[in-house]
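In what follows, a single structure is set out as structure tokens and then discussed.
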Amino acid sequence: MEPVKKDAKTNPSATANIFSQVFFCWLNPLFRIGYKRRLEEDDMYKVLPEDGSERLGEELQRHWDHEVQKAAKDLRPPKLTKVLIKCYWKPYAVLGIFTLIEEVIKVIQPVFLGKLIQYFEKYDPDNMDALYEAFGYAAGVCLSTLILAITHHLYFFHVQRSGMKMRVAMCHMIYKKALCLSSAAMGKTTTGQIVNLLSNDVNKFDEVTIFLHFLWVGPLQAAAVLGLLWVEIGPSCLAGMAVLVILMPTQTMFGRLFSKFRSKTAALTDNRIRTMNEVVSGIRIIKMYAWEKPFSALVNDVRRKEISKIMSSSYLRGLNMASFFAASKIIVFITFTVYVLLGNTISASRVFVAVSLYSAVRLTVTLFFPSAIEKLSETRISVRRIKTFLLLDEIVKSKHGFLQEEKQEPNVEIQDLICYWDTVNVQPLPFRLLNTATVSPVPPSNFPQSSLLSAILGELPHDKGVLKVKGQLTYASQQPWVFPGTIRSNILFGKALHPQKYEKVLRACALKRDMELLPDGDLTVIGDRGATLSGGQKARVNLARAVYQDADIYLLDDPLSAVDAEVGRHLFEQCICGILKNKPRILVTHQLQYLQAANQILVLKEGHMVARGTYSELQRSGVDFTSLLKREEEGPQAPGVETESRSPCSRTLSQNSVVSHTSSIRSVKDGTEQLPVGPTVVEESRSEGTIGVGLYVKYLKAGANILVLIGVALLQFLAQAAYILQDWWLAYWAGEQEKLNVNGTVTIQNGVNVTEQLNLDFYLGIYAGLTGATLIFGFARSLVMFNVLVKAAQSLHNRMFNSILRTPVRFFDINPIGRVLNRFSKDIGQLDAALPWTFVDFIQIFLQIIGVVAVAASVIPWILIPLAPLIIIFLFLRRYFLQTSRDVKRLESTTRSPVFSHLSSSLQGLWTIRAFRAEERFQNTFDAYQDLHSESWFLFLVTSRWFAVRLDGMCAVFVTITAFGCLLLRDQVEAGSVGLALSYAVTLMGMFQWGVRQSAEVENMMTSVERVVEYTELESEAPWETQKRPPPEWPSQGLITFDRVSFSYSSDGPVVLKDMKAMFRPKEKVGIVGRTGAGKSSLVSALFRLAEPEGRIYIDGVLTSEIGLHDLRQKMSIIPQDPVLFTGTMRKNLDPFSQHTDEDLWNALQEVQLKSVVEELPNKMETVLAESGSNFSVGQRQLVCLARAVLRKNRILIIDEATANVDPRTDELIQKTIRDKFRECTVLTIAHRLNTIIDSDRILVLDAGQIHAYDEPYTLLQNPDGIFFKMVQQTGRQEAVALLQSAKQAYNSRSRPSTTNGGVGVDGNLVIFETAL
């Protein structure tokens, strides 16, 4: 595997001095670069050694393994939480000191504030001592603000980093576990679920560490504040505290409810993403079947449930935010109402000390403390999910290979082996494999023959019996697996490059020519899931990987099935019997022409071994085997296999040496493949620049119409106005009271001094009214806003999904599946949960800040003068910061993708990775990807702190100016106004930088909206239905005419069909052959209009380009190359529209001989299949696809290499079903095996996108220069004779039509057109 990236720069934070550490000055160079140009991956700093993925993961793994052993001893389940605490508590506890300092200062600050206001209350122009003292207090207020700014951010940076460490270590463990899951465990989990653990659950660690310390700081702080308040205003403070205490459990309850909704939503999201995964993986099939509607119904259904849960949790969030917004108002209101009603007089210093103290404690008690509880409960759920995963069964590592001293023959020995996949069992199988033997198990397809190999590999646990493997194994899987990387890295697979050996392997695997055709040779990057390669190339790369390894025993699971006959023979002779001739190999195959070369043949049937022995022994014993070999015996009787074990291929070679010699020369000359230039993967678009206003408008308009939006804006302003007026009224009231106190008239009534009173009812009444208004408007605006934003998310998701369904298939060839899924998981996740909350939060804070400045300006108008430069500096800072931060954020999301891609591609190739013992290397690559992501994440944390420290510094300046400004203007200001201005200025502290960060967050999250909107505007293919509907019984005959058709997959792509003219007559069976890349599949794509062809295609005289796609596609059945089953019931898989009766379905299954299989399933038709039908063998899946075609009863059937992975028995069954059921249909078969199409009515030979020949098979075979003749010869002499025989038989039994040249003549064509039209 290639190194993940070049050397990064060393991390300057390791060597920075203390001042630079505190103010994050070491980041300045990065910001300078980021301001000048776009940041790239090379600009990121290396991960600090203590943050490395491997180091962290191994440490945690050690603790966990220890805990698992201990738990097993004490007979209790292991506790993952305990492990985490044990591993991380020390460094985390130290950070608690920061929190403590910070909270202490928050409590002292209001005391300074009170003393300062008292100076104004007792203002005496001549008292200089009091003035100096006041200056001291003002300095105290400013200093405490400054210290707060510094400690707060240092604390946050370090806790988030410890969160990151936990997350990285967890991911390392999850991946490590995924690499050693046993097959049984794989059944209990799905790829989607593991990806979800890695993308969502571990992120909880990032969040929980931030708040954890507040669990103990919160109560302490509350106690301190209570004490101070008691001194200030006596027992009435208890009333306010009581409100706080009531608020806390309600918020905790909200948190509980919230996490309950969250886990329900998570299950639904999993579900939706899994469905999406299948839709995107199987999009070709869905389009060809015209099944878009049932799938969109399925997704919309899940999505609707998900949205209703999200809506509820958003309302909870809204209530939570609104109550947080209103809490301080209610507390102050109740405190002072009680205070006044108890007969005390109100004064400015008291009011504002109380307000400040409450606001200090309120944050901790109503936000951090409940957050801590909520995050803790969420994390517990996640930890539980991760623990369940970590405790799944692991595969038992068997030790293959020798000790150095014993140089024995490698062998495999099996006796009375019984194995179980959940139910399928492999019955007793005795056999020994000695050195240099080729064993070919020949199984019928209802026995997953790969099970034998799985047992040898150790993937399939054996119940009874002996299974001994001596020697190093290597394995080529049946469904070829390639990982994203270059072709060379796929073949070397971690081994060193030996040029000569490498060349030899390439030549043996017939890859030489392909390398010459590919743009970068063997350094071509294979896209996600091998998108750049054809199926045959993937199979050969897969084989080459196995061959390149120097192993003792080779397990080859049907490597010849995906390639055509010529390449297959080349592989068999040059590779399996060539390079590997002195090694023991076990070859599972369906291609019987190779059996004579085997030293030992096992015939497996339904898990039993029916027969074993050499080819000649089996022929003599006359087992069921001979029926499989009927076709072979029509040729000359085979002589017995030579027992000479050195070269099992000698006989085959001598007979075919002429053919093979010429074929290898040819393959060098004109290549076994003419490669269609596959679509290469395009770079994921990383949008640059700022987010336009237009996008916000699009986003909001997706959720509501203009009138509603105007209403929402009004609500926001009303809420903010009420909020400020309420405080202002208190200050005004205190001022009036003071005027009375100063020039107060004291009357004596009944011998008691009574101060003249203000009219309490009037002041209290207005105060109560304003508080009520604040509450009502506050709650209303939150809920309305959330409603609008969640609706926007819903409508955007639906538009994006519909757009994805309607886009041409090419889109999915260029974009890897992960990228499309990322839009649906990550980006829609942002729109659902994070964005609405951040958006609402930002708007509230923005209005608050404007309020603060307005109040300060109303008290000291000239504060606006220093404010102007501050605002200019701030705007510059924000722009400067966002330039870099946006890039860092984007790097973070682009470096995150490889982590997931690597995980999912590893899960797909799990058997291969294990057979090659490459776990360690894959783990290292995973760690490298993690480190790359950590680099960007680390930058993301530090850059935000760098900015926040500077913003809070500016706030401290603002507080300083306000405080000293009041003292300088001490002659014109009242105590109440000073209190109002100062207490507001102090709240600006955390709020201002939070607001700006939220604004940046909103802008960053809008990139998600942008990405979703980008996918809502994809080009769409032709409409599904048009005005011109074909007649209901169309096509009644099934006549297909190609008139000068050219086809390419994209407007700028190469033309793969060139000016093609052909006609397929009604009820005709046509075979389509040609080398890989000749345009066979493109013909199907043109017929189904997967991309729009040029020229005209008529079906029964209807021009296909004029009717809707669904009308066209529903009328043709296809049995696709790779059979796709979807998760869901068996019934849904056969008949998603529910158009057929049960009887029809059972009949269809009966016809493809799957009835018994389905009847054995627990719920018969209603059984839910595993992810993408993995509990069926490939052959069975193919039969399900056949059953779908049987059900549709269409006049046109297209079979695309459907028989490639199927044994002869199933193959025969499929052929027979096609002959019986589709006698009245036009059948086009794209074949790799010539025997399936040799009895067709006609054969169309394609070469490089043009028709090379088109006639009856027998006629074609008369031309020794034709491609078809050569293809038949390459199957081997015996097979060739048999093929010629069948062609002749078919030719003679046919009634001759009058046209001689099969209607390809120009005039013939035109005549047909006239009648058809």
Side-chain angles (χ1 to χ4, degrees), residues 192 261 264-283 286-287 290-315 694-706 708-709 785-808 811-812 815 817 819-836 839 1005-1025 1108-1110 1126 1128 1136-1137:
F261 279 125
K264 277 187 189 155
T265 317
L268 288 166
T269 310
D270 275 4
N271 210 338
R272 172 174 60 86
I273 291 171
R274 199 192 62 223
T275 314
M276 278 311 305
N277 191 353
E278 292 196 333
V279 171
V280 179
S281 315
I283 191 83
I286 292 177
K287 282 186 179 301
W291 277 5
E292 289 99 339
K293 283 180 184 155
F295 273 99
S296 79
L298 195 67
V299 172
N300 287 340
D301 186 46
V302 178
R303 177 69 178 159
R304 217 181 25 257
K305 290 182 195 148
E306 189 190 1
I307 278 283
S308 72
K309 292 274 176 293
I310 287 173
M311 195 60 112
S312 317
S313 57
S314 291
Y315 280 156
L695 191 66
Y696 287 94
V697 176
K698 262 185 197 160
Y699 175 49
L700 291 171
K701 275 171 75 174
N705 57 27
I706 296 289
V708 177
L709 293 178
M785 201 63 194
F786 270 111
N787 185 325
V788 169
L789 295 180
V790 173
K791 274 191 182 147
Q794 186 178 13
S795 92
L796 283 173
H797 172 273
N798 293 350
R799 294 207 314 239
M800 169 159 85
F801 182 58
N802 290 334
S803 152
I804 280 281
L805 277 185
R806 284 174 184 273
T807 191
F811 172 81
F812 299 94
N815 292 299
I817 187 167
R819 185 179 301 168
V820 180
L821 281 184
N822 208 351
R823 295 283 202 280
F824 280 97
S825 49
K826 196 80 197 151
D827 294 329
I828 288 286
Q830 293 272 37
L831 261 72
D832 284 345
L835 184 57
F839 206 88
M1005 284 181 190
M1006 287 305 279
T1007 53
S1008 279
V1009 176
E1010 188 176 25
R1011 289 166 53 139
V1012 170
V1013 167
E1014 180 193 343
Y1015 271 23
T1016 59
E1017 294 159 357
L1018 295 173
E1019 59 160 334
S1020 64
E1021 51 186 6
W1024 288 342
E1025 274 94 17
L1109 289 179
H1110 275 189
F1126 298 101
F1137 291 97

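Just so you know, residue 1 is the first one in the sequence shown, and it goes up from there.
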Within the distance-only criterion (no hydrogens, no angle test), does the side chain of [X] pair as donor or acceptor with the backbone N or O of [Y] below 3.5 angstrom?
| X | Y | result |
| --- | --- | --- |
| Lys309 | Ala266 | no |
| Asp827 | Gln830 | no |
| Asn277 | Ile273 | no |

| field | Centroid-centroid distance, Phe295 to Phe801, less than 6.0 Å | value |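 Not close enough - the centres of the two rings lie 6.0 Å or further apart.
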In Å and rounded to the nearest 0.5 Å, what is the [atom1] to [atom2] distance from [X] to [Y]?
| X | Y | atom1 | atom2 | answer |
| --- | --- | --- | --- | --- |
| Phe839 | Met1006 | CZ | CE | 6.0 Å |
| Leu831 | Ser795 | CG | OG | 9.5 Å |
| Ser825 | Met276 | OG | CE | 9.5 Å |
| Arg304 | Gln794 | CZ | CD | 9.0 Å |
| Thr265 | Asp270 | OG1 | CG | 11.0 Å |
| Asn798 | Ile307 | CG | CD1 | 8.0 Å |

Are the side chains of [Y] and [X] in contact, using a 4.5 Å heavy-atom criterion?
| X | Y | result |
| --- | --- | --- |
| Val280 | Ile283 | no |
| Met800 | Ile828 | yes |
| Lys287 | Glu1021 | yes |
| Val1009 | Leu796 | yes |
| Ile706 | Lys701 | yes |
| Tyr315 | Asn787 | yes |
| Val279 | Leu805 | yes |
| Phe811 | Glu1019 | no |

Specify the closest pair of heavy atoms between [X] and [Y], including all atoms of both residues, with the distance to one decimal.
| X | Y | value |
| --- | --- | --- |
| Arg303 | Ala793 | NH2-O, 3.7 Å |
| Leu298 | Thr275 | CD2-CG2, 3.6 Å |
| Tyr699 | Ala792 | O-CB, 3.4 Å |
| Arg272 | Phe824 | NH1-O, 3.0 Å |
| Asp832 | Ser314 | O-OG, 4.5 Å |
| Ala702 | Arg799 | CB-NH1, 4.4 Å |

| field | Pair Leu789-Leu700, side chain to side chain contact (heavy atoms under 4.5 Å, CB included): steps then yes or no | value | CA-CA 7 Å; Leu789 295 180; Leu700 291 171; 3.8 Å; yes
| said: Regarding Thr269 and Glu306, do their side chains bring together a donor and an acceptor under 3.5 Å, going by distance alone? | reply: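 Thr269 vs Glu306: donor-acceptor pair found between side chains.
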| task | Begin with the C-alpha distance, continue with both residues' side-chain angles, and end with the deciding distance and a verdict on side chain to side chain contact (heavy atoms under 4.5 Å, CB included) for Val299 and His797. | result | CA-CA 10 Å; Val299 172; His797 172 273; 4.0 Å; yes
Salt-bridged, [X] to [Y], with N to O below 4.0 Å?
| X | Y | result |
| --- | --- | --- |
| Glu292 | Arg806 | no |
| Glu1014 | Arg1011 | no |
| Lys305 | Asp301 | yes |

